[in-house]
Amino acid sequence: MNDLLKQVGACLRDARRVAILTGAGISAESGIPTFRDALTGLWARFNPADLATPEAFFRNPERVSRWYDERRCQVAQCQPNPGHLALARLQKCMVGQGKTFALITQNVDRLHHAAGSTGVIELHGSLWVWRCVACGKEVEERGPAFDSYPPCCACGGFRRPGVVWFGEMLPAEALAAAERAVEACDYFMSIGTSAAVYPAAGLIAQALRTRANVLEVNPEETPFSARADWSIRGQSGQVLPRIVDEAFGVATAAHHQSEGSDGNRCTEES
Ligand code: BV8
Ligand code: ZN
């Protein structure tokens, strides 16, 4: 494993344009259940068609809004883990050296933001933003659980979570920005995703069609594992900090100066 991480890290050090796609797996070590995990996974306990579609919401807005608000309140108790922090540090190191970096996520938990990542491309929206289905007013909800479900807007309309449901189009600008970043990248990472939901998973196929180096980090095999340059069977919270340390030197809490100009060490803390 060490030699593999050295090789993966060395290539990352030489990369000039990195694009990364993350899924629920990167938040697993923060205590947020993934979707497909056999036992704890959301889809093991709930049928997505009953909860994550516009039809389900209009059929039973009380049940659907309560389910999303429970997820919002659960995420509120969670902290970013070393996987999120490593990607935030990687962004700082690369941007500090004039390189380009794009972080694309399917996650709606905003733990990347909490870790210090900026300009995160959210393909599937966010649990923190709630939108009125009548007037479209969007409000960021960081408070306690709603006292009634579905929550209502001042205009009287029902409010829904600002996530993308199955059968709904992704935000066009986010998807276009993601496709542009993947097309231009020379190093692509697929982190903690089962690559089963489209068009997000299509970004991995797109990266494999470019000349970019493709790294996958996932404890389990995915439909793209065989085609990746490296597919590391491990937990992102353990693997990513080591890869970024290999690429930019071990981050030391002692000092915060970036040395991008003379060599590749970058001791930016996330
Ligand atoms: C759309 C927000 C236009 C809500 C979500 C092409 C082919 C087939 C089907 C389609 C297609 N194009 C469109 C479709 C239909 C559909 C789709 O993809 N269906 C699938 C199920 C086949 N797509 C859509 O409906 C999209 N809209 O296409 O609009 C259109 C409309 C109609 C018809 C045609 C076109 C909208 C999709 C977005 C839905 N919203 N989330 C919410 O959160 O509730 S999707 C949601 O599920 C997530 O955001 C994510 O995308 C997906 C779950 O996947 P992952 O994140 O990968 O999580 P998962 O649990 O599956 O896997 C976790 C992985 O982590 C595992 O591999 C595990 O091993 C690993 N792991 C675990 N621990 C760790 C780890 N990895 C690293 N470290 C660890 N510690
Ligand atoms: Zn309204």
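Please read these numbers as outputs of a predicted model, since none were measured by experiment. Whatever order the structure lists ligands and atoms in, that order sets their numbers, starting from 1.
- Remark: the backbone N or O of V75 is not paired with any side-chain donor or acceptor of D109 at under 3.5 angstrom.
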When the side chains of residues 174-184 are checked against the rest of the protein, which donor-acceptor pairs come out under 3.5 Å, sequence neighbours left out?
{"residue": "R180", "atom": "NH2", "partner": "E173", "partner atom": "OE2", "Å": "3.0"}
{"residue": "E183", "atom": "OE1", "partner": "Q206", "partner atom": "NE2", "Å": "2.7"}

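- Around the Zn ion (ligand 2), protein N, O or S atoms at less than 2.8 Å comprise C132 SG, C135 SG, C153 SG, C155 SG.
- Backbone and side-chain nitrogen or oxygen atoms of N107 are examined, and none is located within less than 3.5 angstrom of a nitrogen or oxygen of ligand 1.
- Residue contact check for ligand 1: T222 places no non-hydrogen atom closer than 4.0 Å to it.
- Within 6.0 Å of CE on M1 lie more than 12 heavy atoms contributed by other residues, nucleotides or ligands.
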All N/O donor-acceptor pairs, side-chain side in residues 156-164, below 3.5 Å, sequence neighbours left out:
{"residue": "R159", "atom": "NH1", "partner": "E141", "partner atom": "OE2", "Å": "3.1"}
{"residue": "R159", "atom": "NH2", "partner": "E141", "partner atom": "OE2", "Å": "2.7"}
{"residue": "R160", "atom": "NH1", "partner": "E168", "partner atom": "OE2", "Å": "2.7"}
{"residue": "R160", "atom": "NH2", "partner": "V163", "partner atom": "O", "Å": "2.6"}
{"residue": "R160", "atom": "NH2", "partner": "E168", "partner atom": "OE1", "Å": "3.1"}

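- Between A24 and ligand 1, a contact under 3.5 Å exists for at least one N or O pair.
- The side chain to side chain contact (heavy atoms under 4.5 Å, CB included) with Y187 is formed by just one residue from the set N213, V214, D14; it is N213.
- Only the backbone of E168 comes within 4.0 Å of ligand 1, judged by heavy-atom distances.
- When all heavy atoms are compared, the tightest approach of L12 to I243 is CD2-CG2, 3.9 Å.
- Where the criterion is an N or O separation shorter than 3.5 Å, residue side chain and backbone included, V164 meets it with respect to ligand 1.
- Among G202, G23, G25, the residue whose heavy atom sits closest to atom 65 (O) of ligand 1 is G25.
- Ion pairing between D245 and R89 holds under the 4.0 Å rule for side-chain N and carboxylate O.
- In this comparison of P33, G125, S194, A195, the heavy atom closest to atom 62 (O) of ligand 1 sits on S194.
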Audit row: S225, R233, side chain to side chain donor-acceptor pair (under 3.5 Å) steps and yes/no = CA-CA 10 Å; S225 301; R233 291 287 159 275; 3.2 Å; yes
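- At least one N or O atom of G192 sits closer than 3.5 Å to an N or O atom of ligand 1.
- Closest heavy-atom approach to atom 25 (O) of ligand 1 among the candidates S30, S225, G167, S190: G167.
- Taking every heavy atom of both residues into account, R72 and L127 meet most closely at CD-O, 3.6 Å.
- Residue contacts with ligand 1, taken as heavy atom pairs separated by less than 4.0 Å, do not involve A200 at all.
- For atom 60 (O) of ligand 1, the candidate residues are F35, Y68, Y198; the nearest heavy-atom contact is made by F35.
- By the 4.5 Å heavy-atom criterion applied to side chains, S194 and F35 are not counted as neighbours.
- For R242, there are no salt bridge (Lys or Arg N to Asp or Glu O under 4.0 Å) partners, not counting sequence neighbours.
- Both the backbone and the side chain of Q235 come within 4.0 Å of ligand 1, judged by heavy-atom distances.
- Cation-pi geometry between R63 and W67 is not met: the NZ or CZ atom fails to fall both under 6.0 Å from the ring centre and inside 45° of the normal.
- A salt bridge does not link K6 to D3: none of the charged nitrogens lies less than 4.0 Å from a carboxylate oxygen.
- Considering both main-chain and side-chain atoms, W67 never comes within under 3.5 Å of ligand 1 through any nitrogen or oxygen pair.
- Distances from ligand 1 to the non-hydrogen atoms of R71 include at least one value under 4.0 Å.
- By heavy-atom distance, the residue among A201, G237, S236 lying nearest atom 77 (C) of ligand 1 is S236.
- Applying the 4.0 Å criterion to heavy atoms of A196 picks out, from ligand 1, the atoms 20 (C), 22 (C).
- In the vicinity of E29, heavy-atom distances shorter than 4.0 Å reach the ligand 1 atoms 78 (N), 79 (C), 80 (N).
- Judged purely by atom type and a 3.5 angstrom limit, S27 has no side-chain atom pairing as donor or acceptor with the backbone of A24.
- Counting only distance, with no hydrogens or angles, the side chain of N81 and the backbone of I26 share a donor-acceptor pair below 3.5 Å.
- Nearest to atom 49 (O) of ligand 1 by heavy atom, out of E221, M169, H124, is H124.
- Within ligand 1, counting atoms from 1 as listed, the ones closer than 4.0 Å to a heavy atom of A28 are 73 (N).
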